[in-house]
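One structure is given below, encoded as structure tokens.
Below, read A as the first sequence line, B as the second, and so on, with proteins coming before strands; counting in each chain starts at 1.
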Protein chains: 2
Amino acid sequence: MVPKWTDEQLNAAFAALADPVRRALIARLSRSPATVNELAEPFPITKQAVSKHLQVLEQARLITRTRDGQRRPCHLDPAALEAVTGWIDRQRLVAEQQFRRLDTVLENLKEKEP
Amino acid sequence: MVPKWTDEQLNAAFAALADPVRRALIARLSRSPATVNELAEPFPITKQAVSKHLQVLEQARLITRTRDGQRRPCHLDPAALEAVTGWIDRQRLVAEQQFRRLDTVLENLKEKEP
DNA sequence: AACTTGATCAACCGATGGGTTGATTACTCA
DNA sequence: TGAGTAATCAACCCATCGGTTGATCAAGTT
């Protein structure tokens with residue numbers, strides 16, 4: 001079971017994932033941890049901007065940061081991503097149950113009125 | 001396979017899900033379709049604001065809207081939600097593969113240096 | 001000590017987002 | 001036709017966001 005996801009944390013996580021730069025950062029970090037400079041290199045924006053993006057991801061608990069000398073490597077937290085899909089999957093589950101229920105209702109109607 | 005999700009559509013979908021009102025609307029719609037007035041009723045904001053939220057969800061293709069007289073009922077599109085989880089799941093998959101690979105590296109080191 | 005390097009802080013700017021009120025469109029019904 | 005109702009449009013307000021530049025901090029390097 002996931003730690004306990006408040007509405008605010010869901011807000012933060014989804015908002016964090018809404019930006020293409022941040023999604024790219026996550027995709028990069030899914031391969032291996034990396035420092036701010038390494039992460040910033042491929043982007044046409046300043047290192048400060050990337051640093052801000054990483055703060056957003058960290059606040060959303062999608063990444064964690066450790067210390068290694070003057071470097072501050074970022075690590076992806078897959079469990080947090082799983083928690084996000086959890087919310088979506090619950091909604092889909094309910095919706096699909098309703099669809100199935102509607103199907104059976106239509107089946108019954110068909111039987112009674114041929 | 002999912003229709004083909006552009007970066008813009010992912011932006012729109014995640015941004016749409018980042019708002020608690022819109023998530024509540026989706027949760028409501030997962031149970032059954034509903035009109036704007038029905039959807040707006042539980043919220044302490046104006047009908048116009050809810051209408052805007054629904055436009056955001058529609059633009060993100062998370063809901064569709066039909067016509068019934070002067071009503072415009074909203075329907076959830078579970079397939080769209082599935083597409084969103086798709087992106088996340090791919091990232092998690094890669095990340096977890098890397099973790100496993102790291103584990104085997106550590107295993108090998110342990111064997112060589114006991 | 002002086003210098004370089006990784007990263008953040010601070011202040012600012014333009015754009016976007018969520019909300020409001022007021023007017024308007026479009027359908028229903030008497 | 002005219003009144004009532006579902007929903008949207010339009011204009012505006014204020015807060016937040018993504019980005020910049022310039023300064024600052026902290027850890028290595030020589």
If I take atom [atom1] in residue [X] and atom [atom2] in nucleotide [N], what distance separates them, rounded to the nearest angstrom?
| X | N | atom1 | atom2 | value |
| --- | --- | --- | --- | --- |
| B:Leu54 | D:dC9 | CG | C1' | 15 Å |
| A:Ile63 | C:dA7 | CD1 | C1' | 13 Å |
| B:Leu17 | C:dG18 | CG | P | 12 Å |
| A:Lys47 | D:dC25 | NZ | P | 16 Å |
| A:Glu41 | C:dT5 | CD | P | 16 Å |
| B:Glu58 | D:dA7 | CD | P | 13 Å |

**Asked** Within the structure, does a side-chain N or O atom of A:Ser51 lie under 4.0 Å from either OP1 or OP2 of C:dA7?
**Response**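 The answer is no; no side-chain N or O of A:Ser51 sits under 4.0 Å from OP1 or OP2.
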
**Asked** Is there a residue in residues 67-76 of chain B whose heavy atoms reach under 4.0 Å of DNA chain D, and which residues are they?
**Response**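 The answer is B:Gln70, B:Arg71, B:Arg72.
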
**Item:** Residues within residues 28-37 of chain B bordering DNA chain D, heavy-atom distance below 4.0 Å
**Value:**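 Close to the strand are B:Thr35, B:Val36, B:Asn37.
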
**Request:** Give the minimum heavy-atom separation between A:Gln91 and B:Ser30, together with the two atoms involved.
**Result:**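 Minimum heavy-atom contact is O-CB, 3.6 Å.
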
**Message:** Minimum heavy-atom separation for A:Leu62 and A:Ala13, please, with both atom names.
**Reply:**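 Closest approach of A:Leu62 to A:Ala13, heavy atoms only: CD1-O, 4.1 Å.
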
**Prompt:** Within a strict 4.5 Å, meaning less than it, do heavy atoms of the A:Asn11 and A:Thr6 side chains meet?
**Reply:**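 With C-beta onward as the side chain, the pair stays apart.
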
**Message:** As a quick check of understanding, evaluate side-chain contact (heavy atoms from CB on, under 4.5 Å) for B:Ile63 and B:His75, giving each step before the final call.
**Reply:** CA-CA 5 Å; B:Ile63 67 173; B:His75 312 254; over 6 Å; no

Which value, rounded to the nearest 0.5 Å, describes the distance between [X] atom [atom1] and [Y] atom [atom2]?
| X | Y | atom1 | atom2 | answer |
| --- | --- | --- | --- | --- |
| B:Thr85 | B:Leu81 | OG1 | CG | 8.0 Å |
| B:Ser51 | B:Leu39 | OG | CG | 10.5 Å |
| A:Asp77 | A:Glu58 | CG | CD | 11.5 Å |
| A:Ile88 | B:Arg23 | CD1 | CZ | 10.0 Å |
| B:Glu41 | B:Arg28 | CD | CZ | 10.5 Å |

**Asked** Using 30° and 60° as the class limits, which term best fits the ring planes of A:Trp87 and A:Phe14: parallel, tilted or perpendicular?
**Response**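 The rings of A:Trp87 and A:Phe14 stand perpendicular, inter-plane angle above 60°.
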
**Item:** NZ/NE/NH1/NH2 to OD/OE distance under 4.0 Å, B:Asp68 and B:Arg71
**Value:**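 Answer for the salt bridge query: no.
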
**Request:** For each nucleotide in nucleotides 10-19 of chain D, reading 5' to 3', give B when a protein heavy atom comes within less than 4.0 Å of its base, S when such contact involves only the sugar-phosphate, and - otherwise.
**Result:** -B------SB

